[in-house]
*Asks:* 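Okay, here's the structure, questions in a sec.
What's counted below: heavy atoms across the whole structure, side chains too, no hydrogens, waters or symmetry copies.
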Amino acid sequence: QVQLVESGGGLVQPGGSLRLSCAASGLGYYAIGWFRQAPGKERVGVSCLSSGGGSTYYADSVKGRFSISRDNAKKTVYLQMNSLKPEDTAVYYCAMRGGSCDLIPRRFDSWGQGTQVTVSS
């Protein structure tokens, strides 16, 4: 049905930046969330962009450092990550749901395969 493909992960030093991309369908109708799962940790919500594109949401841990946006022409949602910290190291996933934004993984219906982000000196 819906396919999501993440890209843009990699190795970056603390304080650096990365931009993750999520190629998705139905950006005009679905909320898109970014989640992450660190080794040995639960998957947690990072950010969400509303289906209409007018509202954004962020976990407290990334507020002021991460920003979510979309390009309708490319059917892609981005997560710009700045001032990266070692604790940001995780596999990052994008996900889609038909309802409103939240940061609860179980409420999202479709998931990408994830992209690894490693923040280390």
Side-chain angles (χ1 to χ4, degrees):
Q1 190 177 30
V2 177
Q3 288 191 337
L4 303 171
V5 181
E6 303 96 334
S7 63
L11 175 64
V12 64
Q13 293 184 329
S17 298
L18 286 173
R19 188 178 72 167
L20 305 184
S21 298
C22 176
S25 61
L27 295 183
Y29 300 97
Y30 298 97
I32 302 293
W34 283 98
F35 300 80
R36 68 187 183 188
Q37 188 165 21
K41 305 293 185 180
E42 297 180 357
R43 188 173 300 183
V44 297
V46 174
S47 183
C48 187
L49 181 66
S50 65
S51 60
S55 299
T56 58
Y57 304 86
Y58 300 95
D60 289 342
S61 59
V62 306
K63 286 180 180 177
R65 299 188 297 120
F66 292 10
S67 63
I68 190 170
S69 62
R70 72 175 184 177
D71 185 328
N72 284 335
K74 297 180 179 179
K75 296 184 178 181
T76 300
V77 173
Y78 303 98
L79 184 68
Q80 179 67 47
M81 306 186 296
N82 300 321
S83 302
L84 283 162
K85 305 175 181 179
E87 51 262 45
D88 295 318
T89 295
V91 177
Y92 283 72
Y93 302 87
C94 66
M96 180 180 292
R97 66 170 299 189
S100 59
C101 267
D102 62 40
L103 299 178
I104 303 172
R106 66 178 178 84
R107 298 192 63 84
F108 283 72
D109 305 308
S110 301
W111 292 81
Q113 294 300 119
T115 185
Q116 176 71 48
V117 173
T118 302
V119 184
S120 176
S121 60

*Asks:* Which residues pass the salt bridge (charged side-chain N to carboxylate O under 4.0 Å, His left out) test with D102, not counting sequence neighbours?
*Replies:*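 Residues passing salt bridge (charged side-chain N to carboxylate O under 4.0 Å, His left out) with D102: R97, R107.
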*Asks:* Would you say the side-chain atoms of T118 pair up with the backbone N or O of T89, donor to acceptor, closer than 3.5 Å?
*Replies:*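 Looks like no, no N/O pair under 3.5 Å.
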*Asks:* Give a yes or no answer on whether the side chain of Q37 reaches the backbone of A90 with a donor-acceptor pair at less than 3.5 Å.
*Replies:* no
*Asks:* Which pairs, with at least one residue in residues 49-60 and sequence neighbours excluded, count as a salt bridge (Lys or Arg N to Asp or Glu O under 4.0 Å)?
*Replies:* D60-K63
*Asks:* Residues in side chain to side chain contact (heavy atoms under 4.5 Å, CB included) with S121, at least two apart?
*Replies:* P14
*Asks:* Which ILVMFWY residues are connected to V91, directly or by a chain of links, through side-chain heavy atoms under 4.5 Å apart?
*Replies:* F35, Y93, F108, W111
*Asks:* Who pairs with S17 by side chain to side chain contact (heavy atoms under 4.5 Å, CB included), at least two apart in sequence or on another chain?
*Replies:*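 Per chain and number, S17 pairs via side chain to side chain contact (heavy atoms under 4.5 Å, CB included) with Q80, N82.
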*Asks:* Considering all heavy atoms of both residues, which atom of G8 and which atom of L18 are nearest to each other, and what is their separation?
*Replies:*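 Smallest interatomic distance, heavy atoms only, reads O-CD2, 3.9 Å.
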*Asks:* Can you name the nearest heavy-atom pair linking T56 to L49, along with the distance?
*Replies:*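 Where T56 meets L49 most closely, the heavy atoms are CG2-CD1, 3.5 Å.
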*Asks:* Not counting sequence neighbours, list each pair that qualifies as a ring-ring contact (aromatic ring centres under 6.0 Å, His included) and has a residue in residues 37-67.
*Replies:*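 Of all non-adjacent pairs touching residues 37-67, none passes ring-ring contact (aromatic ring centres under 6.0 Å, His included).
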*Asks:* Suppose the criterion is salt bridge (Lys or Arg N to Asp or Glu O under 4.0 Å): which pairs have a residue in residues 36-53, not counting sequence neighbours?
*Replies:* R36-D88
*Asks:* When clusters are formed from ILVMFWY side-chain contacts under 4.5 Å, directly or step by step, what else is grouped with V5?
*Replies:*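 Under the 4.5 Å side-chain rule, V5 groups with nothing.
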*Asks:* Restricting to side-chain hydrogen bond (donor to acceptor under 3.5 Å, both in side chains), what partner residues turn up for S100, sequence neighbours left out?
*Replies:*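 Here no residue qualifies.
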*Asks:* Drop me the distance from S67's OG to L79's CG, to the nearest 0.5 angstrom.
*Replies:* 7.0 Å
*Asks:* With sequence neighbours excluded, what pairs up with K85 under the salt bridge (charged side-chain N to carboxylate O under 4.0 Å, His left out) test?
*Replies:* none
*Asks:* Would you compute the distance between atom CD of E6 and atom CD of Q116 and round it to the nearest 0.5 angstrom?
*Replies:*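 One gets 12.0 Å once the value is rounded to the nearest 0.5 Å.
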*Asks:* Mind checking salt bridge (charged side-chain N to carboxylate O under 4.0 Å, His left out) for R19 and listing every partner two or more places apart, or none if nothing turns up?
*Replies:*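 Once residues adjacent in sequence are excluded, R19 has no partner under the salt bridge (charged side-chain N to carboxylate O under 4.0 Å, His left out) criterion.
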*Asks:* Linking I/L/V/M/F/W/Y whenever any side-chain heavy atoms sit under 4.5 Å apart, do V44 and V117 land together?
*Replies:* no
*Asks:* Work out which heavy atom in S50 is nearest to a heavy atom in C101; give both atom names and the distance.
*Replies:*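 Looking at all heavy atoms of both residues, the shortest contact is N-SG, 3.4 Å.
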*Asks:* Under 4.5 Å between side-chain heavy atoms, counting indirect links through other Ile/Leu/Val/Met/Phe/Trp/Tyr residues: same cluster for Y78 and W34 or not?
*Replies:* no
*Asks:* Apply side chain to side chain contact (heavy atoms under 4.5 Å, CB included) to L4 and list each qualifying residue two or more places apart in sequence or on a separate chain.
*Replies:*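 L4 satisfies side chain to side chain contact (heavy atoms under 4.5 Å, CB included) with V2, C22, A24, C94, M96, S110 only.
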*Asks:* Between T115 and G9, which heavy-atom pair has the shortest distance, and what is it?
*Replies:*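 That would be OG1-N, 3.1 Å.
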*Asks:* Does the side chain of L20 come within less than 4.5 Å of M81's, by heavy atoms?
*Replies:* yes
